[in-house]
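Okay, so here's the structure we're looking at.
Below, read A as the first sequence line, B as the second, and so on, with proteins coming before strands; counting in each chain starts at 1.
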Amino acid sequence: MTSFEQPNFKNHFAELLKLAASKIVTSDSNARIELTRTKQANHGDYSCNLAMQLAKPLRKNPREIAALLIEALPDSPYLEKVEIAGAGFINLFLKVSAKQRIIANIFQNSNQFGHSDAQNDKKIQIEFVSANPTGPLHVGHGRGAAFGASLANLLSAVGYSVSREYYVNDAGRQMDILTLSTWLRYLELHGITIPFPSNAYQGKYVRDMAHLIKQAHTDRYVHQSEFLLQDMPLPNQDGVIDLEAQLNKLIANSKEILGQDYAYIHNFVLTEQLGDCRNDLMEFGVVFENWFSEQSLFDNGLVAHAVELLEKKNYLYHQDGASWFRSSDFGDEKDRVVQRENGQFTYFASDIAYHLNKFERGFDLVIDVWGADHHGYIPRVKGAIQALEMDPEKLEVALVQFAVLYRDGRKVPMSTRSGEFVTLRELRNEVGKDAARFFYVMRKSDQHLDFDLDLAKSQSNENPVYYIQYAHARVCSVLSQWNEDVATLHDINTESLTSPMELALLQKLIDFPDIIESAAKEYAPHVIAFYLRDLASEFHSYYNATRFLVPEIPIRLARLALIASTRQVLCNGLALLGVSAPEKM
RNA sequence: GUGCCCGUAGCUCAAUUGGAUAGAGCACCAGCCUUCUAAGCUGGGGGUUACAGGUUCGAUCCCUGUCGGGCACACCA
């Protein structure tokens, strides 16, 4: 068998139809040539609705146009026949020999099969997770992580040069609260007890960090409590205590008392949490090229710079002592504060600077993966980008809905406030990395996800992860019993593969590159999950109906080549989702 | 109240972005292991795509309205 370029029959036929159309349409009809895979075998392998699209501009019967198109269609070595059907569909039938050649192609490209260089190394950045480093990641972050990582793999597979980035919110008040919380726990360890604020961080990990500081520095950061509690805000005339104001005062006092040491504790807790987060994600198979510090934007004057730019371009005004950005000029529902009365920049201000910085780094496209609750934030960020005379089209925001855990058919209660949340690490420990990665992306990302813990753990046919992995393991098992070098299958004769099941499986393998392409285009990893389910199903049927290790050598080898290439595609698809492909189960 | 998202089989979800008879899994029923892993396979029932209109050759998809659910409406991050 001669080697040949990776064929994409869909694109190939689209090209032929385009040529045919150019012969019968003189003016630009702006008709899109779109081929779709057919659902029914008697409709052929690919179908095109071009004739129906041209019916109006040409003022002709679609079936008539279809006939003209077919007449003008250039010859193709892959085409068995063409038919007109229904209202004017053009149905294309692939030659069996063309289908069989996919096997050689899969072996040739091995773990790159399905990948393309269509995007020609265009620079794309995808920012995801970006959770505050103030505590362990929880299951909500997990979905963003799984989605972002899979999407990044998909984008890379279609030829983008991908940069994965985690935006570290190390500058805000939340970090101060964590610093204070840790120091209070540390003081407790030295017998100095101050009522622990209810709105400070309650988690056990805070006590753990306090222990670490004590171990390393004994009583170096101990100070007496009366200083810490001085000038606390009092209840108002209604007896209501402003807890947030109290917390702010505690933070301010501790900064004063600790002096330079405050920065040490701040840095310590940040490093601890970030390290934990990085480790957690690594074990989840999620890695980043870049961890971008929000604080660095302040340190380098980029926040002030961004705000000045807006000022210069007359998109700021001053009211009630604050600086407002005219985001309502760009479709936002109201204007937004970028600098407060006390001179502090808002989170939005640093986010403008961050996006300005992203664009200045020269990415062709920037993707932000956010929780769906942030959707209201999009207009102001895009507005700022536009105000700074950059192209808002170059920013794509992918929203990910929350995941709700179910155990024993009941919702697992979760709320950050009560500290009652399931961490990503706990989830991984319970269901394993593979099930977690797969379940997170098996639904469309903008849909709520019901995550069934019992199902994810079950080792049964109900569990889609095992179903797919099992198909892979089965192939491995057959090949190991065959006990010869798989490489010898790479260029064997596959003419005997003509049964309906074999043809269906071949067609499924042919689809893989198109599946990757559309999944990447739509930012839809779930498409891969569904595809793998289908492919595994096709394989299991074949496995059940066919014996592979038959005495007739040519048939045996052809069948083994088919299942070995199926294994390759299963493996490539699972890799895109960050799921392992075990050889034994 | 305003804006965005959603409503598809008993349950969880798809549907190549306007295409042909709306598909999978689970659950339910009936079969298949002396044979390469039964974590598998084969067959079956199950639908007014929330509802009412509209646009056109053609609508789950686009437009309008109604009902129901989620989210967001900070000088928080």
Side-chain angles (χ1 to χ4, degrees), chain A residues 10 34-40 42-43 47 49 52-53 55-56 61-62 85-89 91 130-132 134 169 171-175 244 294 319-324 333-334 336-342 344-348 350-351 371-379 399 401-402 406 409 442-444 446-450 452 455 458-471 473-482 511 514-515 517-519 521-522 524 526-527 529-530 533-534 536-537 539-550 559-560 563 584-585:
Chain A
K10 200 170 157 182
E34 272 178 7
L35 273 95
T36 57
R37 283 275 290 113
T38 54
K39 291 169 190 161
Q40 294 173 70
N42 63 333
H43 291 156
S47 170
N49 64 358
M52 281 128 96
Q53 287 188 59
K56 195 168 273 178
N61 181 316
F89 290 100
N91 291 336
S130 299
N132 278 345
T134 52
N169 296 123
R173 176 168 176 265
Q174 296 305 317
M175 278 308 301
E244 296 303 315
E294 181 190 5
Q319 187 181 303
D320 306 327
S323 298
W324 298 71
E333 16 179 80
K334 53 171 283 194
R336 309 289 174 175
V337 170
V338 289
Q339 193 169 16
R340 301 186 188 105
E341 198 172 352
N342 63 11
Q344 282 202 323
F345 292 106
T346 59
Y347 175 82
F348 180 42
S350 50
D351 224 14
D373 55 334
H374 284 67
H375 70 262
Y377 199 69
I378 299 172
L399 297 177
Q401 287 282 358
F402 292 123
Y406 282 82
M442 93 184 156
R443 301 289 175 238
K444 221 186 323 194
D446 59 4
Q447 294 279 354
H448 289 275
L449 172 70
D450 288 343
D452 186 334
L455 180 60
S458 81
Q459 304 204 347
S460 75
N461 54 353
E462 300 167 33
N463 192 328
V465 191
Y466 287 113
Y467 183 84
I468 296 163
Q469 291 181 321
Y470 184 46
R474 270 183 151 176
V475 177
C476 292
S477 173
V478 174
L479 291 175
S480 89
Q481 285 180 50
W482 175 53
D511 289 341
D514 296 330
I515 293 289
E517 191 187 311
S518 66
K521 192 173 150 217
E522 304 295 324
H526 78 277
V527 169
F530 276 91
R533 225 276 160 202
D534 286 349
S537 168
F539 168 77
H540 284 308
S541 296
Y542 183 47
Y543 179 97
N544 239 265
T546 320
R547 204 168 158 75
F548 307 129
L549 298 173
V550 291
R559 287 177 182 172
L560 290 175
I563 64 168
K584 276 194 181 135
M585 288 176 74

Is the shortest heavy-atom distance from the side chain of A:Phe402 to the side chain of A:Asp373 under 4.5 Å? yes
Of the options B:A77, B:U37, B:G3, whose atoms approach the side-chain atoms of A:His375 most closely? B:G3
For the aromatic rings, using the six-membered ring if either is Trp, is the centroid distance between A:Phe539 and A:Tyr470 under 6.0 Å? no
When all nucleic acid strands are considered with a 4.0 Å heavy-atom cut-off, which category describes A:Lys444: base, sugar-phosphate, or nothing? sugar-phosphate
Give one of base, sugar-phosphate or nothing for A:Phe348, where a contact means two heavy atoms less than 4.0 Å apart. nothing
From the list B:G70, B:C13, B:C36, which nucleotide is the closest neighbour of the side chain of A:Tyr543? B:C36
Output the distance between atom OG1 (A:Thr546) and atom CZ (A:Arg559), rounded to the nearest 0.5 Å. 5.5 Å
Rounded to whole Å, CZ of A:Arg533 lies from P of B:C13 at a distance of 16 Å
Using the P atom as the reference point in each nucleotide, state the distance between B:C62 and B:A15 in Å, no decimals. 13 Å
Pick the C1' atom in B:U42 and in B:G47, then give their distance to the nearest Å. 24 Å
Can you tell me how far P in B:C63 sits from the matching atom in B:U48, rounded to whole Å? 25 Å
For B:C33, does the O4'-C1'-N9-C4 (purine) or O4'-C1'-N1-C2 (pyrimidine) torsion place it in syn, i.e. within 90° of 0, or in anti? syn
Just how far, in rounded Å, is C1' of B:A39 from CE of A:Met585? 6 Å
Does any non-hydrogen side-chain atom of A:Trp482 lie less than 4.5 Å from one of A:Leu549? yes
For A:Glu341, report the nucleic acid contact type (base, sugar-phosphate, nothing); a contact means any heavy atom under 4.0 Å. base
Look at the side-chain N and O atoms of A:Arg474 and state whether any lies under 4.0 Å from the OP1 or OP2 oxygen of B:A38. yes
In whole Å, what separates the P atom of B:G58 from that of B:U21? 14 Å
Distance-only side-chain donor-acceptor flag, A:Glu294 / A:Ser350, under 3.5 Å: yes
Name the nucleic acid region contacted by A:Glu34, choosing base, sugar-phosphate or nothing; use a 4.0 angstrom heavy-atom cut-off, strictly under. sugar-phosphate
How close or far is atom C1' of B:C26 from atom CG of A:Asp452, stated in whole angstroms? 10 Å
Under 5.5 Å between ring centres and under 30° between planes: does that hold for A:Phe548 against the base of B:C36? yes
Any chance you could measure A:Lys444, atom NZ, to A:Leu449, atom CG, to the nearest 0.5 Å? 13.5 Å
What is the distance, to the nearest angstrom, from the CZ atom on A:Arg547 to the P atom on B:C41? 19 Å
Interatomic distance at P, B:A30 relative to B:A72, whole Å: 48 Å
Contact between A:Phe530 and A:Ile515 at the side-chain level, heavy atoms closer than 4.5 Å - yes or no? no
Nearest to the side chain of A:Glu333, which nucleotide is it out of B:C13, B:C73, B:A77? B:C73
Side chain of A:Asp534, base of B:A14: donor and acceptor closer than 3.5 Å? no
Using OP1 and OP2 only, check whether a side-chain N or O of A:Ser541 sits under 4.0 Å from B:U42. yes
Identify whether any heavy atom of A:Asn91 sits under 4.0 Å from a base atom; if not, whether one sits that close to sugar-phosphate; answer base, sugar-phosphate or nothing. base
Nearest-Å distance once atom P is located in both B:U49 and B:G10: 12 Å
Which nucleotide in B:U35, B:G40, B:A77 has an atom nearest any side-chain atom of A:His374: B:A77
Ignoring hydrogens and angles, does a donor from either the side chain of A:Ser47 or the base of B:A20 sit under 3.5 Å from an acceptor on the other? yes
State which of B:A20, B:C13, B:C75 makes the closest approach to the side chain of A:Ala85. B:A20
Closest heavy-atom pair, A:Asn169 versus A:Ser130, reported as atoms and distance to 0.1 Å, is OD1-O, 3.7 Å
5'-most contact on RNA chain B (nearest-nucleotide basis), A:Leu399 vs A:Ala372, goes to A:Leu399
Report the nucleotide, chosen from B:G25, B:C75, B:A14, that has the shortest atom-to-atom distance to any side-chain atom of A:Lys334. B:C75
If you compare every side-chain N and O of A:Lys39 against the phosphate oxygens of B:A14 (OP1, OP2), does one of them come in below 4.0 Å? no
Using the P atom as the reference point in each nucleotide, state the distance between B:A39 and B:A27 in Å, no decimals. 15 Å
Can A:Tyr467 be classed as stacking with the base of B:A39, given a centroid separation cut-off of 5.5 Å and a plane angle cut-off of 30°? no
Checking all strands, does A:Met52 fall into the base, sugar-phosphate, or nothing category for heavy-atom contacts under 4.0 angstrom? base
A:Phe530 CZ to B:G23 P, in whole Å, measures 15 Å
Measuring only the C1' atom in each nucleotide, how far is B:C28 from B:A9? A whole number of Å is fine. 13 Å
State whether the aromatic ring of A:His43 stacks on the base of B:A20, taking stacking to mean ring centres under 5.5 Å apart and ring planes under 30° to each other. yes
Toward the 5' end of RNA chain B, by each residue's nearest nucleotide, A:His540 or A:Ala473: A:Ala473
Within less than 4.0 Å of OP1 or OP2 of B:G70, is there a side-chain N or O belonging to A:Gln447? no
Given pairs defined as Watson-Crick or G-U wobble with both distances under 3.5 Å, what dot-bracket annotation applies to RNA chain B, with ( ) intrastrand, [ ] crossing, | other strand and . unpaired? (((((((..((((.....[...)))).(((((.......))))).....(((((..]....))))))))))))....
Between P of B:A74 and CD of A:Gln339, the distance in whole Å: 21 Å
Over how many whole Å does the gap from A:Asn463 atom CG to B:U12 atom C1' extend? 14 Å
Could you pull out all residues at least two apart from A:Asp450 that satisfy salt bridge (charged side-chain N to carboxylate O under 4.0 Å, His left out)? none
Counting heavy atoms from C-beta on, name the nucleotide in B:A20, B:U16, B:C75 closest to the side chain of A:Thr36. B:U16
Give a yes/no answer on whether the side chain of A:Tyr470 brings an N or O atom under 4.0 Å of OP1 or OP2 in B:C41. no
Are any non-hydrogen side-chain atoms of A:Leu399 and A:Ile378 less than 4.5 angstrom apart? yes
Between A:Ser477 and B:U37, is there a side-chain N or O to OP1/OP2 distance below 4.0 Å? yes
Would you call A:Glu517-A:Lys10 a salt bridge at under 4.0 Å N-O? no
Base, sugar-phosphate, or nothing: which does A:Ala471 touch, judged by heavy atoms less than 4.0 Å apart? nothing
Shortest non-hydrogen contact between A:Gln447 and A:Gln401, atoms and distance: O-CB, 3.3 Å
Whole angstrom value for the distance that separates P of B:C75 from CZ of A:Arg336: 8 Å
How would you label the contact of A:Asp373 with the nucleic acid (heavy atoms, under 4.0 Å): base, sugar-phosphate, or nothing? sugar-phosphate
